[in-house]
2 protein chains.
Amino acid sequence: MAEKPAIRDAIRTQEKILAAAQAEFARRGYDGARVDAIVARAKVSKNLLYHYFRGKEDLYIRILERTYETLRRRQSDVPVNGLDPLSAMIRLCENTFRVFVEEPDVIVMLNTENLYRARHIAKSTIIRSMYDRLSENLREILRAGEEQGVFRKGVDPVELYISISGLGYFYLSNQHTLSMLFNRKLSAPENIEHRQAHLVDMVISYLTRQPEPGDWTPELAR
Amino acid sequence: MAEKPAIRDAIRTQEKILAAAQAEFARRGYDGARVDAIVARAKVSKNLLYHYFRGKEDLYIRILERTYETLRRRQSDVPVNGLDPLSAMIRLCENTFRVFVEEPDVIVMLNTENLYRARHIAKSTIIRSMYDRLSENLREILRAGEEQGVFRKGVDPVELYISISGLGYFYLSNQHTLSMLFNRKLSAPENIEHRQAHLVDMVISYLTRQPEPGDWTPELAR
DNA sequence: TACTAAACTAACCAACTAGTCCAACAAGGA
DNA sequence: TCCTTGTTGGACTAGTTGGTTAGTTTAGTA
């Protein structure tokens with residue numbers, strides 16, 4: 001119980017192990033991660049890890065669940081209620097991007113899970129029910145915007161969410177190769193800022209465009 | 001023993017090994033890939049692999065170089081010359097997306113390389129000089145569009161390229177987790193088609209928007 | 001036919017990896 | 001003092017893994 005020593009505190013110790021595991025998985029992916037490295041990071045004995053957790057995969061799934069929890073929590077706590085649709089959408093875009101910027105571990109975890117074709121998520125029933133609120137939120141903003149005539153009609157919320165995410169996600173997840181290719185340090189704060197503005201600009205441009213006769217429309221692409 | 005051809009053909013054998021390596025790396029990532037699995041896929045002895053290649057990492061770098069070569073080749077062979085800027089841009093968007101759709105290995109290779117923070121690319125001087133042409137191409141389309149008044153002014157080509165890629169890349173790279181989350185099979189052909197149209201729509205909306213006084217602009221985001 | 005270089009293989013190894021077992025110790029509450 | 005819980009240490013195993021050694025087969029050629 002004594003705060004200072006933090007010794008012999010089962011919960012805190014488990015937390016330490018989980019934190020170490022997250023760092024390790026986020027750095028090396030599932031296969032690259034080493035259990036020994038996790039216990040070294042957590043500064044506990046290997047036995048203790050196996051005392052509290054079933055093993056590497058169990059630990060991984062826990063971290064994955066935490067990842068989605070972080071994602072959902074941070075994306076859902078947008079106070080969009082009361083805002084006009086445009087402001088709400090901008091807020092939602094910025095928030096989505098900010099999560100990826102501030103929680104970079106999330107990106108590697110998602111990448112890793114996709115490499116495994118969402119095998120672990122399929123097992124975890126908790127995760128799959130998480131996105132309803134976000135989805136509903138987005139739908140509501142779109143509906144209001146459409147009603148007020150500021151947004152175009154018939155926007156697919158799922159497609160839009162994927163676009164909002166993708167515009168930020170790709171920039172960050174592939175920053176190392178892209179920085180090399182374009183000789184521009186994408187992780188620099190001013191570039192991150194710039195990307196955020198670009199992302200919002202893109203989404204708002206898309207939503208506010210009212211296709212006029214003669215304009216290009218997706219149908220012409222065929 | 002005597003198949004018809006293809007026996008004792010050094011070049012073809014190396015090609016077989018490389019193809020097997022690509023399949024394996026693209027399926028499991030670097031750490032997940034097994035040398036034994038590669039030789040099994042290629043149906044050669046393990047030693048032959050080590051006869052032609054220095055080892056796992058060497059093989060990986062070769063595949064990575066091939067990946068970028070594919071990417072560059074398929075992105076650069078857009079015959080945009082002679083097209084009006086709008087058509088050229090649409091063509092470029094579709095092409096970029098098509099590469100990711102038709103060469104899914106590329107995505108995993110890029111993800112893997114980013115997990116390693118572009119360590120291998122840094123070594124490979126070939127790759128880094130590849131993107132100049134694409135960059136120049138894009139710049140030219142933007143310039144022409146701007147001149148003709150169909151595109152907005154001052155678009156950053158790098159930022160735009162990242163957006164075009166990201167809109168398609170994220171959809172595909174994270175298709176497994178997203179499909180689960182939104183209960184929609186993103187890999188279904190009709191959904192792929194739909195996404196392509198959405199991608200183009202988004203990019204064109206962004207480029208053709210001429211901000212008017214009173215409109216939202218990125219500066220308002222601060 | 002004899003020879004050689006290149007193509008190819010089976011078997012093996014040393015290092016590593018996840019996970020286990022067991023005996024013991026340390027801290028605090030009853 | 002005893003008991004429960006948290007924790008460590010070290011030795012150990014069973015299975016993998018990347019890589020090697022020591023050798024055989026085949027095709028071309030002198």
Side-chain angles (χ1 to χ4, degrees), chain A residues 1-64 112 115-116 119-120 123, chain B residues 1-64 112 115-116 119-120 123:
Chain A
M1 287 297 172
E3 280 295 326
K4 236 194 307 174
I7 204 164
R8 302 188 77 75
D9 184 334
I11 294 167
R12 185 166 286 179
T13 301
Q14 289 176 56
E15 198 51 54
K16 237 175 29 177
I17 295 173
L18 284 169
Q22 178 172 327
E24 178 70 6
F25 283 127
R27 189 74 179 78
R28 321 242 181 231
Y30 183 80
D31 287 302
R34 297 287 164 253
V35 175
D36 284 338
I38 294 172
V39 303
R41 274 181 201 261
K43 288 190 192 110
V44 296
S45 70
K46 205 173 178 181
N47 292 359
L48 201 53
L49 185 150
Y50 284 99
H51 178 65
Y52 288 124
F53 304 97
R54 268 187 233 151
K56 190 182 182 181
E57 190 174 357
D58 179 35
L59 216 38
Y60 171 80
I61 292 176
R62 301 271 204 128
I63 302 299
L64 192 64
T112 302
L115 178 63
Y116 285 94
R119 198 197 323 160
H120 306 98
K123 289 181 194 169
Chain B
M1 207 71 64
E3 310 264 334
K4 261 176 264 158
I7 202 160
R8 292 189 93 73
D9 184 333
I11 293 167
R12 184 165 289 179
T13 302
Q14 288 177 56
E15 198 50 53
K16 237 175 29 178
I17 295 172
L18 284 169
Q22 179 172 325
E24 178 70 5
F25 283 126
R27 189 74 179 76
R28 322 241 181 231
Y30 182 81
D31 287 302
R34 296 291 164 246
V35 176
D36 284 339
I38 294 172
V39 304
R41 273 180 202 261
K43 288 189 191 111
V44 296
S45 72
K46 205 171 178 182
N47 188 273
L48 200 55
L49 186 150
Y50 283 96
H51 178 66
Y52 288 124
F53 305 97
R54 268 187 231 151
K56 191 182 182 182
E57 188 174 359
D58 179 34
L59 214 40
Y60 171 79
I61 292 177
R62 301 271 202 129
I63 302 299
L64 191 65
T112 302
L115 179 62
Y116 285 93
R119 196 197 324 159
H120 305 99
K123 289 181 192 168

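Protein chains get the first letters and strands the later ones, always in sequence-line order, with residue 1 at the start of each.
Distances shown here put every side-chain N or O of B/R34 at or beyond 4.0 Å from the OP1 or OP2 atom of D/dT16. Within the structure, every side-chain polar atom (N or O) of B/T13 is placed at least 4.0 Å from both OP1 and OP2 of C/dA7.
Straight-line distance from the CG atom of B/L48 to the P atom of D/dT24: 18 Å, rounded to whole Å. At whole-Å resolution of the value, NZ in A/K56 and P in C/dC16 are 16 Å apart. Atom P of nucleotide C/dT9 and atom NZ of B/K43 are separated by 12 Å, given to the nearest angstrom. One interatomic measurement links the two molecules: CZ of B/R54 to P of D/dT20, which rounds to 12 Å at whole-angstrom precision. Distance CD (A/E57) to C1' (C/dG19): 14 Å, rounded to an integer number of Å. Rounded to whole Å, the distance from OH on B/Y50 to P on D/dG18 is 7 Å. One can place OH of B/Y52 at 20 Å from C1' of D/dG18, the figure rounded to the nearest angstrom. Between A/K16 atom NZ and D/dT7 atom C1' there is a gap of 10 Å when expressed in whole angstrom units.
Between atom CD1 of residue B/I61 and atom CD1 of residue B/I63 there is a gap of 11.0 Å, rounded to the nearest 0.5 Å.
Between A/R34 and A/E24 no salt bridge is recorded (no basic side-chain N to carboxylate O distance below 4.0 Å).
The base of C/dA18 sits with one of its N or O atoms less than 3.5 Å from a complementary donor or acceptor on the side chain of A/K46. Side-chain atoms of B/N47 come within donor-acceptor range of the base of D/dT21, with a qualifying N/O pair under 3.5 Å.
Among A/V35, A/L64, A/L18, the single residue meeting the side-chain contact (heavy atoms from CB on, under 4.5 Å) criterion with A/L59 is A/L18.
With sequence neighbours excluded, the residues forming a salt bridge (charged side-chain N to carboxylate O under 4.0 Å, His left out) with B/K46 are B/D36, listed by chain and number.
Here B/A33 lies in heavy-atom contact (under 4.0 Å) with sugar-phosphate atoms only.
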